[in-house]
Every structure is written in C-alpha cells, then in structure tokens.
Amino acid sequence: MRALALYGATTLGSLVLTALATAPTGALTAPHETPEARGVALAAERARTTPPAFGACPASEQLPDTVRCAAVKVPLDYAKPGGRQIDLTVSRLKAGGKDAKTKKPVPRQGALLFNPGGPGASSMYFPLVAGTPEWKNIAAAYDLVGYSPRGVARSAPLSCTDPKGFAEAPTQSPVNPSESYKKERIARAKTYAQGCARNAGEALRHYHSLNNVRDLEVLRAALGEPKLNFMGASYGTYFGALYATLYPSHVRRMVFDSAVNPDPAQIWYRNNLDQSAAFEGRWEDFRTWVAKHDGTYGLGDSPEAVQHSYARVRAELAHKPAGGKVGPGQLQAAYLKTGYYDDLWAMRATALAEYLKGNPKPLIEQAAPRPEAAEDDENGSAVYTAVECNDAPWPTDFRIWDRDNTRLAKRAPFETWDNAWMNLPCAYWTAPRQQPVDVRVAKGALPPTLILAAERDAATPYKGALELQKRLPDAAVVTEKDSGTHGIGGGANACVNTHMETYLLTGKTPVRRAACAPHREPNPVSLDERALPLRGIPAAV
C-alpha cells in the first residue's frame, strides 16, 4: 500500500542449522522444513562467522564520518543459498553516551535496526537521528542501524522503466476518469509490468516481504545480535510482524509504528481501498485547519470553500501547467502529503494562496518533479510495485478494479483513482504470487512489543493497529488521539516518545492500551520543507 514513511531464548552462537530450519517455538504459522528455511539458516550462519567489515560510507550516502557502512551478502533465492548473492548496504552508528542524570556511561543494549516502510524506502540515514533530542537516550544504549532493503538504492536495485519517462510532467489526474482515460491507464499499467519483468528477469520473483523477513534474520546474525531489536514504520510493521510470527524466539524488542493491517485478506488490494477511504477524512482535516486560518490564507472559511479554492487551482493547472511542469497530477501528489504530515500544512496552504494571488513560484517549488530525484523515485516505485504485486493475489480483471474504485470515489474522491492507477500493474503481473502468511503468535511466545498509532492516520488506518494487537497478544498499543500524522515515534508528541523510550530502554510497556493527547496544531506560517524534522520519505508516493 502506498505510504510515505518516517525516516520499519537461544543465542545465535548455539543454534544448529536444523533448529533454524524448523518451526521456532511459539509460531502458529511457522517456517517448515523447506529449502528456503534451510537457506536462511545457512546464510545466517555464514553471516555470523564472517561478519561485515564496516568502514567509510560511500560519498553518495552523504553520511558523516561518525557513521560507518558495510555490505551484507544474502542469497537472491533462499532456496538456493549457494547461488547468486546480493549485497544489502548497511549503516551503523555505535552506541555511546552518558546518562543525563548520573553522567555515567549507559550500558549497551545491542543494535536497533530500523525500516521506514514503502515498500521501497531506505533507512541508511537512520543513524543521524542520534543528533536529535528525541533519540539521544536511545542512541546512547543502542547501535543505530539503517539499511537499504533488497531492490532499494545500492542493494541490487530494481528498475521498471526509464527514470526520465517516469518523471514525465505535467500529467492529468481526473477525479472522474473517462473510459478513454481508463484505457490509457490500463495500457500504461501493462507496459510498466512488462518493463519490470523484462528488466529484472527471473530475479523479479524474489523481491517480496517473506524475503525481506529472511534478509532481516541474516542482518541480525551479521551484526552478532543473539536477538533482534527492530523498529518498523508503515510497511516496515508488516514484515516486522511476519518476522515476529516466523521467529518469535529471536525477538528482543520490537516497535511497530503506524501499523499495516496484517489480515491476509487485506494484503494488499483491500488495504489500498481502505487507505483511499481514510485519506478523504484526513484531507478534510487539512481543509478544516486552513478554513480556521482564513484570515491568513484567504482560501475560504469552511472546508467546502477551501475545496472550491483547491478545485479552482486544479482546473487552471489542467489548462496551463505552472512552470510548464505542475499539472493536476503533480498538484495531487504534493497535496497528498498533507494527509501524512501536518507539519506540511502551512507550506501547502501558502502555496495555494500565493498561486491564486498570481504568484505560482511556491507551488512550483513544492510540486514540480526534481530531475535529480528521478532515478531514486523510479527505483522506489519499482520496489513498491514488485513487493506488493509478488506478495499476494490481486484481481486480474479490470472490471473488478473499476467497480470497486468507482463506488469508493463517490465518497472518497481525493486519492481513490490515483491510488488505483499506481497499483494497477499488479493486475497484469507475470511473476508468481505469494500467499500471505497468517500473522499470529501464541500468547507468551513473544516478548512484549509496542504498537504506536495515530487515531486519524490515513496511510495505515487505525484499525490496523488494533488488528495487529489481536494477532500479537502480548503487544501494547499507544494511541495518539485525534491526530493523523503517519509515523509518530520520535516525532512531535512527547507522551508517545516517552512510551517508546521507556520500552526500548527497559522493555516495559503500558498495560494493553495507553492514550496520548494530540500534539499541537501547526502554526499558520510558511515553512521551508527542507527544515522539517528528519524523515525517511520513500520514493513510492
């Protein structure tokens, strides 16, 4: 599902290969004696005995010298662990620091791996959060480890089309697409799916969530960790939950931030429909806030009036793209982000207001494609598509897509059709489909885990957090009430951050449920997007 993201008993030394290849204790849906399970065992043992050599990071990563980088080899196909190997790029900042009160060194608690979701996002930047107040105490106790999952960036990168063509602009984005436009998008989806198959060849089938789980197990072994400390945001919560299901005895601490609904019936077609429906409510939140500050922006004193202003800009861009590059498609993509992060609200409202006053520059700056990002954006889209299409069955008859999205668009027009077009290549996918694993762990089989959720999150609707808690019975849920920011750990809410820090440092969670008041509403002033808090926003948007 499309998601912008935030910045995702026995020690390994005593494990024998047969133990890794059989079902871990407590798993209700377990890896059986399969070639893939044996491949994971072999790859993990190989990584443990030949750990990666960390050194200076490549200049392309733009990381400071304090952060060190390495590559961890994993099999492309775990059923053939001696076959083709791919390198996963990894970044690490070692634990270090003193307790703020005692001034004594903080005992190291291991490595904390982070995945920001997507699918298609890298967390190579993750060690940089050590410099922020919200992460200081955690960084003192944990090595902060980021990585690029398979297919992403320098980790055996996937590509489905020419990046220049992918960044084509301006484009249209009709709320009520015509039959001719639907036929055009069907043709584009088929071409894109064919491009993925052509460029990746037989390797394409190996980019999916179960292999992301297997890679995570190898990364754990490569870092010399007897048990996994992991934080996943958005999509990262899904394969984190898969890991917890398949390897519950290998988990030490696990944070699920903005949880995907893991019900197998939801993966991924229905989750995307639910996401489109939820974005309508979040879009109304933005418009309500803009109307509240009509004295600043002059876009209307009601959500309906603000919608009228937005529709007016959209109609003008359809006839005359701003700067020759910002059409309705680029406008929609830029304003979709208001559903993820309310710290973008002031910027986006200012851009609309200025455009209607005759100054298109802020809108162009915020919405026009950046040529320098085209390659990364196309790569993120390719990984997103490959993982979601490979993970589960999708409807292969466009009439089903047309029926479901036509119905949904009547009550949720903001994102529905654009989300459908993004996922439509899955209708024409040629690689084999996985059957989603039933995420579920027996009570007591998994250490306490922590789920963070914003009540009005649109990208991963709140019911997903509650569904995940049902399936991981020892998990606690911390809810930010009446808020919709996507990815709340380490963000603007001190209450949420206290729960997260307490859990990671002590293992203690609230009793089942805890609630935090919403963070403060944005100030109605224009902000520089580059000055926003560090985030790992994936390219697949």
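Predicted model only: the values in this text are computed from it and were never measured.
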Write down the atom of [X], the atom of [Y], and the distance for their closest heavy-atom approach.
X: Val67; Y: Leu63; value: CG1-CD1, 4.0 Å
X: Ala244; Y: Val251; value: CA-CG2, 4.3 Å
X: Cys426; Y: Thr385; value: SG-O, 4.3 Å
X: Ala458; Y: Arg282; value: CB-CB, 3.8 Å
X: Leu88; Y: Pro149; value: CD2-C, 4.2 Å

* To do: Check step by step if side chain to side chain contact (heavy atoms under 4.5 Å, CB included) holds for Leu356 and Leu299.
  => CA-CA 9 Å; Leu356 290 172; Leu299 292 169; 3.7 Å; yes
Look up atom [atom1] in [X] and atom [atom2] in [Y], then write down how far apart they are to the nearest 0.5 Å.
X: Ser483; Y: Tyr462; atom1: OG; atom2: OH; result: 12.0 Å
X: Asp457; Y: Lys463; atom1: CG; atom2: NZ; result: 13.0 Å
X: Asn137; Y: Thr502; atom1: CG; atom2: OG1; result: 10.0 Å
X: Asp391; Y: Tyr238; atom1: CG; atom2: OH; result: 5.5 Å
X: Asn419; Y: Asn272; atom1: CG; atom2: CG; result: 4.5 Å

Sequence neighbours left out, cut at 3.5 Å: what donor-acceptor pairs do the side chains of residues 312-327 make with other protein atoms?
unit_1	atom_1	unit_2	atom_2	d
Arg314	NH2	Ser173	O	2.1
Arg314	NH2	Ser173	OG	3.2
Glu316	OE1	Tyr355	OH	3.3

* To do: Identify, with sequence neighbours excluded, every residue that meets ring pair (Phe, Tyr, Trp, His ring centres under 6.0 Å) alongside Tyr142.
  => none
For [Y], does its backbone N or O pair with a side-chain atom of [X] as donor and acceptor, under 3.5 Å?
X: Ser123; Y: Gly146; value: no
X: Gln366; Y: Met347; value: yes
X: Ser148; Y: Thr89; value: no
X: Asp257; Y: Gly489; value: yes
X: Glu378; Y: Cys160; value: yes
X: Asp301; Y: Ala291; value: no
X: Asn493; Y: Ala517; value: yes
X: Trp345; Y: Thr338; value: yes
X: Thr237; Y: Val260; value: yes
X: Tyr503; Y: Met254; value: yes

So [X] and [Y], would you call those rings parallel, tilted or perpendicular, with 30° and 60° as cut-offs?
X: Trp268; Y: Tyr235; answer: tilted
X: Phe414; Y: Trp283; answer: parallel
X: Tyr269; Y: Trp401; answer: perpendicular
X: His486; Y: Tyr340; answer: perpendicular

A quick test of your reading: do over 12 heavy atoms of other residues, nucleotides or ligands sit less than 6.0 Å from [atom1] of [X]?
X: Arg270; atom1: CZ; answer: no
X: Gln62; atom1: CD; answer: no
X: Gln307; atom1: CD; answer: yes

* Pairwise disulfide bond (SG atoms under 2.5 Å apart) hits with a residue in residues 485-525, at least two apart -> Cys495-Cys516
* Asked: Only one of Trp135, Phe126, Phe230, Tyr147 forms a ring pair (Phe, Tyr, Trp, His ring centres under 6.0 Å) with Phe114, so which one is it?
  -> Phe126
* **Sequence neighbours excluded, every pair satisfying salt bridge (charged side-chain N to carboxylate O under 4.0 Å, His left out) that has a member inside residues 138-148** => Arg108-Asp143
* Only pairs at least two apart or in different chains count here, so list each salt bridge (charged side-chain N to carboxylate O under 4.0 Å, His left out) that has a residue in residues 151-173. => Glu61-Arg154
* **Partner residues of Glu284 under the side chain to side chain contact (heavy atoms under 4.5 Å, CB included) criterion, sequence neighbours left out** => Arg287, Thr288
* Only one of Leu408, Asp404, Asp418 passes side-chain contact (heavy atoms from CB on, under 4.5 Å) with Ser276; say which it is. => Leu408
* **Steps toward salt bridge (Lys or Arg N to Asp or Glu O under 4.0 Å) verdict (Lys481, Glu455)** => CA-CA 5 Å; Lys481 305 292 286 186; Glu455 198 171 37; 3.0 Å; yes
* Test item: side-chain donor near acceptor, Gln109 and Asn229, under 3.5 Å -> no
* **Distance-only donor-acceptor check, side chains Ser381 and Tyr192, under 3.5 Å** => yes
Close side-chain approach of [X] and [Y], heavy atoms under 4.5 Å:
X: Leu219; Y: Val145; value: no
X: Pro447; Y: Arg252; value: no
X: Leu273; Y: Asn405; value: yes
X: Val175; Y: Trp417; value: no
X: Gln332; Y: Glu415; value: yes
X: Tyr297; Y: Leu352; value: no
X: Glu501; Y: Ile138; value: yes

* **Residues Phe54, Val90; criterion side chain to side chain contact (heavy atoms under 4.5 Å, CB included); working and verdict** => CA-CA 9 Å; Phe54 280 88; Val90 182; 4.1 Å; yes
* Asked: When you look at Asn497 and Glu134, which way does the side-chain hydrogen bond (donor to acceptor under 3.5 Å, both in side chains) test go after all the steps?
  -> CA-CA 7 Å; Asn497 294 337; Glu134 296 81 5; 5.0 Å; no
* **Criterion side chain to side chain contact (heavy atoms under 4.5 Å, CB included) on Asp342 and Trp289, from CA distance to verdict** => CA-CA 10 Å; Asp342 57 22; Trp289 178 86; over 6 Å; no
* To do: Starting from the C-alpha separation in whole Å, work towards a yes-or-no answer on salt bridge (Lys or Arg N to Asp or Glu O under 4.0 Å) for Glu521 and Lys292.
  => CA-CA 11 Å; Glu521 281 193 344; Lys292 179 180 176 181; 2.9 Å; yes
* Asked: Passes side chain to side chain contact (heavy atoms under 4.5 Å, CB included), Asp215 versus Asn212? Steps please.
  -> CA-CA 5 Å; Asp215 291 346; Asn212 284 337; 4.3 Å; yes
